[in-house]
Structures are given as C-alpha cells and as structure tokens.
Protein chains: 2
Amino acid sequence: MSTRTAAQQISSATGYMLLRLGDLARERIERELRRWEISGKELRVLGYAHERELAQRDLCELCGMDRTTMVSVVDKLERLGYASRARSDVDRRKHLVVLTGRGRQVVEEALAHMAEVEAAFLATLDPAERRQLNDMIARLYVANDPARSASP
Amino acid sequence: MSTRTAAQQISSATGYMLLRLGDLARERIERELRRWEISGKELRVLGYAHERELAQRDLCELCGMDRTTMVSVVDKLERLGYASRARSDVDRRKHLVVLTGRGRQVVEEALAHMAEVEAAFLATLDPAERRQLNDMIARLYVANDPARSASP
DNA sequence: TATTGTTATACTCTATAACTATA
DNA sequence: TATAGTTATAGAGTATAACAATA
C-alpha cells in the first residue's frame with residue numbers, strides 16, 4: 001500500500017502533470033498570440049489556408065473543427081482583414097478561404113514568434129533532452145491517438 | 001528560410017504537440033473516470049478531502065477553483081453519496097467536506113485504476129524513458145509556471 | 001437526394017455580482 | 001467590516017437542428 005496521500009498520488013502522476021503542462025503551453029500560446037488578436041485555433045486555420053486555397057469544409061477536417069465553429073472563425077479572420085471568402089468556380093457551394101497580404105504577414109510573424117517562445121519554454125532542457133522530449137511526445141501521441149486506433 | 005509549410009511548422013512544434021498530448025491525456029482521464037460518474041476536477045477535490053476535513057474555501061485554493069464552481073462540485077459529490085457537508089464547530093460559516101465510506105472507496109478504486117491507465121498510456125516508453133519524461137515535465141512545469149514567477 | 005455554408009438555439013464550463021449567515 | 005457559502009446571471013466555447021443554395 002502507498003504511503004502517499006491521495007492528493008499526492010494525483011499531483012505526482014505523469015498523466016496529470018502532462019495535462020497541466022499542456023495547459024501551461026496552451027495558456028502561453030494563447031497569451032502570445034493576442035498581439036495579432038488571434039487564438040491558437042485561428043492560427044491553425046490561417047496556417048492551413050496559407051499554402052493552398054481550401055474550402056471551409058476542408059479546413060474543418062484538417063483542424064478537427066465543427067463547420068458552425070468554422071463559420072465564426074472565418075467571420076473573425078475576415079473582420080480582422082486576414083482572410084476573405086471566395087466562391088469556388090468549380091463548385092459554387094464552396095467558400096474558399098483566401099488569405100490577404102496582411103494575413104500572410106501575420107502567419108509568418110506569428111510562427112517566427114512562436115518559435116522564440118517555444119525556445120524559451122524549453123530553455124531548461126539541453127538540446128539532447130529537447131530532441132528526446134520531442135521524440136517521446138510524438139511516440140506517445142501516435143500510441144494513444146483514438147483516431148488512429150479507431151476500427152479502420 | 002524554412003522549406004516547411006506553415007501548417008507543417010505548427011503541427012511539428014514541440015509546444016503544440018505537448019498541448020495536444022495533454023488534451024489526449026485529459027480526454028483519457030475523463031473517459032476512464034466516467035465509471036464513477038466523476039470528472040478529473042471532482043477526483044482532485046475528493047483526493048484533497050480524503051485525508052483531512054477541509055472547508056470548501058480551502059479546497060478552492062488547493063484546486064485552483066472558484067468558490068461558485070466548488071458549490072456545484074460539492075453538490076454533485078453529495079448527490080452521488082461520495083461526500084457530505086458538515087458545519088465547522090470552530091467557525092460556523094465554514095462547510096467542511098467530509099467523505100462518506102463510499103467516497104473513500106471511490107477515491108481508492110479510481111486512483112488504482114488511473115495508475116493502470118497511466119501505465120498503458122506510457123507503455124510505448126521503456127522505464128528509463130518514463131523516468132526521463134517525468135523529470136523533464138516536472139522541470140518544464142516549474143520553469144514555466146506563471147504562479148511561481150509572479151512577483152513574490 | 002446529398003453537400004456546403006449559415007443561422008438560431010442549446011449546452012457545458014466557468015466566472016462575476018448580489019445576497020445570507022456568521023465572524 | 002470581512003469572510004464563507006449560496007444563488008442568479010452572464011460570458012466563452014462548442015455543438016445540434018433547421019434552413020438556403022447548389023450539386
């Protein structure tokens with residue numbers, strides 16, 4: 001039997017620490033992106049729309065987002081002048097999300113900044129540890145992603 | 001300049017992978033706790049109340065939770081028969097949260113189960129890697145916790 | 001008939017403000 | 001006057017259902 005209290009068992013569990021560290025990373029990312037008035041979710045949409053012209057429906061699949069949520073995301077990106085909707089000539093039901101020049105600039109600035117923030121976040125680890133961490137996280141994600149293990 | 005697309009840069013960032021892995025851990029934890037009809041948040045409250053009789057206000061501080069949120073948590077724990085409120089004799093404003101026998105049983109069952117789930121979650125890592133991961137997560141949390149760096 | 005996008009609506013989670021009772 | 005707890009309410013964030021336009 002354990003000599004630790006229930007609260008200690010919870011606080012020291014790797015799974016719970018992982019969850020809390022993930023929250024810390026999220027909070028940091030969201031805070032840093034405020035200077036461009038966007039959330040992490042919105043940056044992800046901008047990132048996918050940066051290279052190719054994609055319909056809202058495609059962005060929903062890529063970002064794992066509901067189509068009604070996507071409507072409000074694209075509304076906001078239009079309001080900020082980062083993107084605009086363009087009806088597809090091929091299929092007029094589709095609204096392609098096209099980044100503006102400012103939108104492209106925001107993606108590039110934000111990604112450069114996030115790389116700096118990440119370096120600061122990981123500064124307590126040496127380069128070898130950072131590689132190990134990245135590798136372990138990737139393996140854990142693949143091993144535990146319900147989407148991958150869902151009956152194919 | 002980078003040869004990777006913006007979307008690739010986002011997806012491969014350690015910070016973002018960490019955030020998503022944390023979400024995966026949270027989803028797994030919440031799913032596994034459903035068999036006792038509780039959330040991770042509620043298990044944390046049960047865990048702290050397991051050893052000592054604490055007032056709702058104390059539990060709020062320990063769990064980083066608002067007092068209005070705590071009211072609904074304790075309401076639910078009472079409804080499930082896992083805890084009950086007892087007015088403090090010392091300070092009759094305070095409601096001590098006292099676990100029932102069933103509540104104690106739930107804490108012990110749930111913690112034992114979560115240890116199994118965690119082992120499965122980390123199964124892709126060997127024991128040395130698991131220790132390294134735990135150590136790195138703890139260091140990253142301390143280094144990046146806003147609560148610790150907030151002007152003392 | 002199915003799909004894309006939109007709107008209106010509801011639901012969950014959490015926090016703010018106002019209140020009661022105790023100190 | 002301040003604190004512990006409660007209630008009512010509001011605010012994000014997201015999802016469901018019904019609808020319009022198009023295929």
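Each chain gets a letter, A, B and so on, in the order the sequences are listed, and its residues count up from 1. On a predicted model such as this, the values are computed, not experimentally measured, just so you know.
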Derivation and outcome, salt bridge (charged side-chain N to carboxylate O under 4.0 Å, His left out), residues B:Arg130 and B:Asp135: CA-CA 9 Å; B:Arg130 266 171 257 175; B:Asp135 171 67; over 6 Å; no

Validation row: B:Val73, B:Lys41 side chains within 4.5 angstrom (heavy atoms): yes

Transitive ILVMFWY cluster of A:Val90, excluding itself - 4.5 Å side-chain cut-off: none

Salt bridge (Lys or Arg N to Asp or Glu O under 4.0 Å) contacts touching residues 114-126 of chain A (sequence neighbours left out): none

Passing option when A:Leu122 is tested against A:Leu133, A:Val117, A:Asn134 for side-chain contact (heavy atoms from CB on, under 4.5 Å): A:Leu133

Working for salt bridge (charged side-chain N to carboxylate O under 4.0 Å, His left out), residues A:Glu37 and A:Arg79: CA-CA 11 Å; A:Glu37 299 178 76; A:Arg79 203 172 343 111; over 6 Å; no

Any donor-acceptor N or O pair under 3.5 Å, side chains A:Glu42, A:Ser39: yes

Near-strand residues of residues 27-35 of chain B, defined as heavy-atom separation under 4.0 angstrom from DNA chain D: none

Residues touching DNA chain D, which here means a heavy atom under 4.0 Å, drawn from residues 56-68 of chain A: A:Asp66, A:Arg67, A:Thr68

Along DNA chain D, first and last positions that approach a heavy atom of chain A under 4.0 Å: D:dT14 to D:dA23

Donor on one side chain, acceptor on other, B:His95 and B:Arg57, under 3.5 Å: no

Length of the CE-C1' vector between A:Met70 and C:dG5, whole Å: 12 Å

Residues touching DNA chain D, which here means a heavy atom under 4.0 Å, drawn from residues 85-96 of chain B: B:Arg85, B:Arg93, B:Lys94, B:His95

Evaluation steps, salt bridge (charged side-chain N to carboxylate O under 4.0 Å, His left out), between B:Asp58 and B:Arg52: CA-CA 11 Å; B:Asp58 304 320; B:Arg52 290 191 294 149; over 6 Å; no

Residues B:Asp23, B:Arg20: salt bridge by 4.0 Å N-O rule: no

